[in-house]
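Notes to accompany the following structure.
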Amino acid sequence: QVQLAESGGGLVQPGGSLRLSCAASGGIFRVAYMAWYRQAPAKQRELVAKITSSGNTNYADSVKGRFTISRGNAKNTMYLQMDSLKPEDTAVYYCNLSPGDFWGQGTQVTVSS
């Protein structure tokens, strides 16, 4: 059974940085893409960034130039480097893997002074 585990969330001041990690385990034979989503209180879950198996990336307009998604050397690992964080980045961040639409349990990111 596929499992995703996020880590790296926390409390950071505006302008600060965090690095999120996602590790996938279980019966994974092929990865089409991995992605980060986030959900703020009273808002819908939204796509933050996505990376395909070939390394192509795309980002939400709100994070372009500030966030960087990457794949790790270890199979089925993914990172999200978040710089110049803003209070509006506060949310629970989720790791997603396709095919199969698997989700992690999320990690809280809070940007506040």
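Values reported hereafter were calculated over all heavy atoms of this structure, with side chains retained and with hydrogens, waters and symmetry mates removed. A quick note: this is a predicted structure, and the numbers were derived from the prediction, not measured.
- Residue pairs meeting the side-chain hydrogen bond (donor to acceptor under 3.5 Å, both in side chains) criterion with at least one partner in residues 89-98, sequence neighbours excluded, are R38-D89, R38-Y93, R66-D89, N96-D101.
- The aromatic ring centres of Y37 and W103 sit less than 6.0 Å apart.
- The shortest heavy-atom contact between G9 and L20 is N-CD2, 3.6 Å.
- I51 has its side chain out of reach of Y33: every pair of non-hydrogen atoms, C-beta onward, lies at least 4.5 Å apart.
- Surrounding CD of Q44 are at most 12 heavy atoms belonging to other residues, nucleotides or ligands under 6.0 Å away.
- Of the possible donor and acceptor atoms, one in the side chain of E6 sits under 3.5 Å from a partner among the backbone N and O of G106.
- Atom NZ in K86 sits 8.0 Å away from atom OG in S62 (nearest 0.5 Å).
- Around the CD atom of Q105, the shell of radius 6.0 Å holds no more than 12 heavy atoms that belong to other residues, nucleotides or ligands.
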field: Derivation of the side chain to side chain contact (heavy atoms under 4.5 Å, CB included) call for L11 and S112
entry: CA-CA 7 Å; L11 173 64; S112 175; 4.2 Å; yes
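- The heavy-atom pair separating L97 from A24 by the smallest distance is CD1-CB, 3.8 Å.
- Side-chain contact between L80 and T68 is absent, with no heavy atoms from C-beta onward closer than 4.5 Å.
- With sequence neighbours excluded, the residues forming a side chain to side chain donor-acceptor pair (under 3.5 Å) with S54 are T52, N56, listed by chain and number.
- No side-chain heavy atom of Q13 sits less than 4.5 Å from a side-chain heavy atom of V111.
- Considering only heavy atoms from C-beta on, M78 comes within 4.5 Å of W36 through its side chain.
- Taking CG of N76 as the reference point, atom CG of L4 lies at 9.0 Å (rounded to 0.5 Å).
- The side-chain heavy atoms of V92 and T107, taken from C-beta on, include no pair separated by under 4.5 Å.
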message: For T110 and V12: C-alpha separation, side-chain torsions, deciding distance, then whether side chain to side chain contact (heavy atoms under 4.5 Å, CB included) applies.
response: CA-CA 6 Å; T110 303; V12 64; over 6 Å; no
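- Put simply, the side chain of F67 reaches to within 4.5 Å of the side chain of L85, judged on heavy atoms.
- Residues C95 and M34 have side chains in contact (heavy-atom distance under 4.5 Å, counting atoms from C-beta outward).
- Looking at heavy atoms from C-beta onward, Y59 lies in side-chain contact with I69 at the 4.5 angstrom threshold.
- Heavy atoms only, all atoms of each residue included: S113 and P14 are closest at N-CD, 3.7 Å.
- The two residues A40 and A91 come nearest to each other via the heavy atoms N-CB, 3.8 Å.
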